[in-house]
Amino acid sequence: MEKVVSGIRPTGPLHLGNYFGAVRNFIRMQEEYDCRFFVADLHSLTTHPKADDLQANVNRLLTELIACGVDPEKATLFVQSDLEEIPQLYLIFNMLAYKGELERVVTFKEKARKQPNNVNAGLLTYPVLMSVDIIIHRAAKVPVGKDQEQHLEMTRNFVNRFNHLYQTDFFPEPEAFNFGGQLVKIPGLDGSGKMGKSEGANNAVYLGEDPKSITKKVKRAVTDAGPTEPNSTPSEPVANLFALMDAVSAPETVQQFRDAYADCSIRYGDLKVQLAEDIIAFTAPIRERIAELDAQPDFIRNIRRAGAEKARQTARETLEGVKEIIGLGY
Ligand code: TYM
C-alpha cells in the first residue's frame, strides 16, 4: 500500500486553513493508504524556542486531530520528537543540502523577516528536516496546503540528489497531494493572504473556538464599500469571504450571495451572519468531540505511545538502509 506522511506544527490550535488544506485529506486518505500523521514539535522550535507549554500544545493537537476524524486504528498518529531516527537522518541529509538553495526558500525569507533576531540554522534547514519527516517512511504522497508546495519541491531535489549520488532508487519522489487535485489555500479574515496562526489574532478561525468568538471575528472581517456596478469582480477581502463560504456553506447559499453581489443588492452584514452560522455549524461536531476527549487524557497518552512504536519501525528500516548505502553500515 502506498505510504502517506504529513505533519502539523503545535504552535496553536487547528484552524480552518489547516482543516481544508490538510486534515480533511488525512481523514479520506486513511481509508485508502498506509498513513502516518504527526505533530511537528521539533519544527515549532525554529520559531517558538520557549513554547510555554509545549507538552500541552502537543496533546491538544493530537486531541484535535482525533476530534476531526483521524482514526488511530487506521492511521499512525505520532509525535516527531518521539522518533530518534529523524534527527539522525536529518544530520545526514544536511550534507546534501546547499546553503544557497536553502536561503532562496520563500518561507525562510518570510520568517527571517519576521524574527530578525533569531535567524537560526534550524530555520534555514527547516526544509531538510521536513524532507526527512517524509522520506524516513519512504512516503510518496504528502497531503498539505498550497503553502507547503515549495518544501515538497525541495524534498524531491534532496531525494534525487541522494539517489543520483549513491546510484540507487532507494527513495521514491514524494508529491504534495490534495483529493481535489489542486492544492488548497484558505484565506484569512484580514483581507489579504492566507489564514495562519501567526497572522494576527483576528485572522484565523479555530476549529475548537467558542461560537460567540467565531461570530465576533467574522463580523470584524475586512470587506470593502460594496459593488458599484453589476457583475464586477470582488475585491480581495470580499473574494476571501466567498472562498471561506465555498468551504463551509451549502452551494445554494454561496450562489445566492454571489448573485446578490452581481446585482449589487448584497449586504455584507448578512453575508457575515450567514458565514459565521455556517462555520459554527460545520465545527460543532469537532468541538463536541474535543470536549469528550479532554475528559480522557490517558487515551491520548496511549495513542501517542502506540503511534511512536509503529512509526519507529519504518524509520529504523530506512535509517539502516541509508547507512548501508552511504557506507556507514559497520
Ligand atoms: P503548518 O503547521 O503550518 O500547517 C499544517 C498544515 O495546514 C496547512 N495549512 C493551510 N492550508 C490551506 N490554507 C491555509 N491557510 C493553511 N494554513 C495551513 C499547511 O499547508 C499544512 O499542510 N512544514 C509544515 C509541517 C511539517 C510537515 C512535515 C508537513 C513538518 N514536517 C512533513 C508535511 C510533511 C507546516 O509548517 O505546517
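These values consider heavy atoms only, across backbone and side chains, with no hydrogens, waters or symmetry-generated copies. Remember, it's 1-based here, ligands and their atoms both numbered in the order they're listed. Owing to the predicted nature of the structure, the values given are computational and were not obtained by experimental measurement.
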> Report the part of Asp147 (side chain from C-beta onward, or backbone N, CA, C, O) that has a heavy atom under 4.0 Å from ligand 1; answer both or neither where that applies.
side chain
> Think Lys197 forms a cation-pi with Tyr206, using NZ or CZ under 6.0 Å from the six-ring centre and within 45 degrees of its axis?
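The answer is no; the distance or angle limit is not met.
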> With a 6.0 Å cut-off on ring centres, are Phe158 and Phe93 close enough?
no
> When Val132 is tested against each of Thr155, Ile86, Leu83 for side chain to side chain contact (heavy atoms under 4.5 Å, CB included), which residue passes?
Ile86
> Is ligand 1 under 4.0 Å from a heavy atom in the side chain of Phe38, in the backbone, in both, or in neither?
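It is the side chain that touches ligand 1; the backbone stays farther off.
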> Rounded to the nearest 0.5 Å, how far apart are CZ of Arg138 and CZ of Phe171?
7.0 Å
> May I ask whether Gly196 places a heavy atom under 4.0 Å from ligand 1?
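Judged by the 4.0 Å heavy-atom criterion, Gly196 does not count as contacting ligand 1.
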> Given that the side chain starts at C-beta and the backbone is N, CA, C, O, which of these parts of Val144 lies under 4.0 Å from ligand 1, counting heavy atoms, or is it both or neither?
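Both the backbone and the side chain of Val144 come within reach of ligand 1.
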> Which part of Tyr126 is near ligand 1, with near meaning a heavy atom under 4.0 Å away: side chain, backbone, both or neither?
side chain
> Honestly, is Arg24 close enough over Tyr19, meaning NZ or CZ under 6.0 Å from the six-membered ring centre and within 45° of the axis?
no
> Find all atoms of ligand 1 within a distance of less than 4.0 Å from any non-hydrogen atom belonging to Lys185, and give their numbers and elements.
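Ligand 1 atoms under the 4.0 Å threshold to Lys185: 12 (C), 13 (N).
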> Within the structure, does Arg9 bring an N/O atom to less than 3.5 angstrom of an N/O atom in ligand 1?
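For ligand 1, there is an N or O atom that lies under 3.5 Å from one belonging to Arg9.
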> Of all the atoms in ligand 1, which lie at a distance below 4.0 Å from a heavy atom belonging to Ile8?
2 (O), 5 (C)
> Under 4.0 Å from a heavy atom of Met195: give me the atoms of ligand 1 that qualify, with their elements.
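Those of ligand 1 that fall under 4.0 Å from Met195 are 14 (C), 15 (N), 16 (C), 17 (N).
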> Hey, does the Lys NZ or Arg CZ of Arg304 hover above the aromatic six-ring of Phe78, less than 6.0 Å from the centre and inside 45° of the axis?
no
> At what distance, to the nearest 0.5 angstrom, does CG of Asp71 lie from CD1 of Ile66?
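Output value for this atom pair is 8.5 Å.
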> Using a heavy-atom cut-off of under 4.0 Å, does the side chain or the backbone of Ile134 touch ligand 1, or both, or neither?
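The side chain, only.
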> Distance from Lys141 atom NZ to Glu175 atom CD, nearest 0.5 Å?
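Lys141 NZ to Glu175 CD: 5.0 Å, rounded to 0.5 Å.
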> Specify side chain, backbone, both or neither for His15, according to which of its non-hydrogen atoms lie closer than 4.0 Å to ligand 1.
side chain
